[in-house]
Participant: 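If you scroll down you'll find the structure; I have some questions about it.
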Amino acid sequence: MRSAYRFPPKIHPASSILITTMTIPPPPGHPHQPVTEVASRERVKTRFDVESVRRRDVRRLRQYGPPPGVSFPAKHGRASDPRYPSPSSFRFGVGFAIDLLLHLAAAVGTLGALAGLPNVPFWYPLLGGVGAYVALSIINRIFVQWAFQATVGKALVGLCMIRDDTGGRPTLWSLTKLWLFGLFGTIVNVLTSW
């Protein structure tokens with residue numbers, strides 16, 4: 001059994017006298033008992049996913065509230081959720097294709113602009129094209145989507161992204177994680193297909 005008493009021996013620097021200190025914790029309920037922080041002050045970390053829904057469903061939900069007399073699932077934006085009745089899977093595919101074409105156009109434009117410069121090594125345009133693709137992808141899929149709840153492609157087809165726990169705006173970190181998972185998934189797909 002471990003004791004609450006500690007006797008760390010110390011030797012005084014000016015002499016050879018051994019000094020012992022004893023730390024005794026105060027009994028429970030004593031006024032000098034350290035108080036633990038209130039749990040509500042701690043930041044509660046919740047896990048949530050990001051869902052793609054029709055913007056008009058979100059607008060209708062904010063204007064008129066949820067449909068009366070219907071039981072709601074715990075998560076927002078799933079296929080069986082009556083708060084978001086409009087189908088969005090086809091629109092999501094079209095929005096993704098628009099975003100992909102936008103990113104590729106930036107990459108090809110940068111590659112062409114750098115390839116036309118004199119005395120440039122052949123790998124500079126390739127590196128510039130990949131850099132332009134990644135930079136525009138980060139700007140569009142993280143920052144634009146965080147500011148407007150939709151990328152350019154999703155906005156053109158009428159979709160927006162919501163948190164599935166609250167139905168609100170996704171956080172910057174959740175969109176960053178989503179982009180990183182997409183990047184690593186693409187790398188794994190390319191490497192395993194060869």
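Residue numbers start at 1 and run along the sequence shown. Values below: all heavy atoms of this structure, side chains included; hydrogens, waters and symmetry mates excluded.
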Participant: With a cut-off of 3.5 Å and sequence neighbours excluded, list every side-chain donor-acceptor pair involving residues 139-147.
Facilitator:
residue: N140; atom: OD1; partner: V152; partner atom: N; Å: 3.2
residue: N140; atom: ND2; partner: D99; partner atom: OD1; Å: 3.2
residue: N140; atom: ND2; partner: H103; partner atom: NE2; Å: 3.2
residue: Q145; atom: OE1; partner: K154; partner atom: NZ; Å: 3.1
residue: Q145; atom: NE2; partner: R141; partner atom: O; Å: 2.8

Participant: Is it the case that more than 12 heavy atoms not belonging to F148 sit under 6.0 Å from its CZ atom?
Facilitator: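 No, not enclosed.
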Participant: Side-chain contact, heavy-atom cut-off 4.5 Å: V58 with Y84?
Facilitator: yes
Participant: Hey, does L100 have a side-chain heavy atom less than 4.5 Å from the side chain of Y133?
Facilitator: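 Side-chain contact under 4.5 Å: yes.
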Participant: Is there a path of hydrophobic side-chain contacts, each under 4.5 Å between heavy atoms of I, L, V, M, F, W or Y residues, that connects L102 with V108?
Facilitator: no
Participant: Locate the shortest heavy-atom distance separating C160 from A150; write the atom from each residue and the value.
Facilitator: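 Of all heavy-atom pairs spanning C160 and A150, the closest is CA-CB, 4.2 Å.
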Participant: Going by atom types alone, do R163 and S174 pair a side-chain donor with an acceptor below 3.5 Å?
Facilitator: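 Looking only at side-chain atoms, S174 and R163 do not form any donor-acceptor pair under 3.5 Å.
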Participant: To the nearest 0.5 angstrom, please state how far the CG atom of L61 sits from the NE2 atom of H76.
Facilitator: 7.5 Å
Participant: Establish whether F72 and Y64 are linked, either directly or via other cluster members, by ILVMFWY side-chain heavy-atom contacts under 4.5 Å.
Facilitator: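 F72 does not cluster with Y64.
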Participant: Name the atoms and distances for all side-chain donor-acceptor pairs under 3.5 Å in residues 118-132, with sequence neighbours left out.
Facilitator:
none

Participant: Kindly indicate whether the side chain of Q149, heavy atoms from C-beta on, has any atom under 4.5 Å from the side chain of I162.
Facilitator: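 They are in contact (side-chain heavy atoms under 4.5 Å apart), so the answer is yes.
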Participant: Are L175 and I138 grouped together when hydrophobic residues (ILVMFWY) are joined by side-chain heavy atoms under 4.5 angstrom apart?
Facilitator: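 Yes, L175 connects to I138 through the hydrophobic network.
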Participant: With side chain to side chain contact (heavy atoms under 4.5 Å, CB included) as the criterion, how do V134 and W179 come out once you've worked through the C-alpha distance, each side chain's angles and the decisive distance to 0.1 Å?
Facilitator: CA-CA 10 Å; V134 170; W179 185 84; 4.2 Å; yes
Participant: To check you understand the geometry: which heavy-atom pair defines the closest contact between S52 and S88, and what is its length?
Facilitator: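 Where S52 meets S88 most closely, the heavy atoms are O-OG, 3.3 Å.
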Participant: Among the clusters formed by ILVMFWY side chains lying less than 4.5 Å apart, do L156 and L159 turn up in the same one?
Facilitator: yes
Participant: Taking all heavy atoms of P85 and all of R60, pick out the closest pair and write down the distance.
Facilitator: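 Smallest heavy-atom distance, with atoms named: CD-NH2, 3.0 Å.
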Participant: Got P73 and P82 here, is their nearest side-chain heavy-atom distance under 4.5 Å?
Facilitator: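 With C-beta onward as the side chain, the pair touches.
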Participant: Between atom CG of L104 and atom CG of L111, what is the distance when rounded to the nearest 0.5 Å?
Facilitator: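 Separation between the atoms: 11.5 Å.
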Participant: Using the rule that two of Ile, Leu, Val, Met, Phe, Trp, Tyr join whenever any of their side-chain heavy atoms come within less than 4.5 Å, decide whether L183 and L172 are in one cluster.
Facilitator: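 Result: yes, single cluster for both.
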Participant: Suppose the criterion is salt bridge (charged side-chain N to carboxylate O under 4.0 Å, His left out): which pairs have a residue in residues 76-88, not counting sequence neighbours?
Facilitator: D49-R78, E51-R78, R78-D164, D81-R83
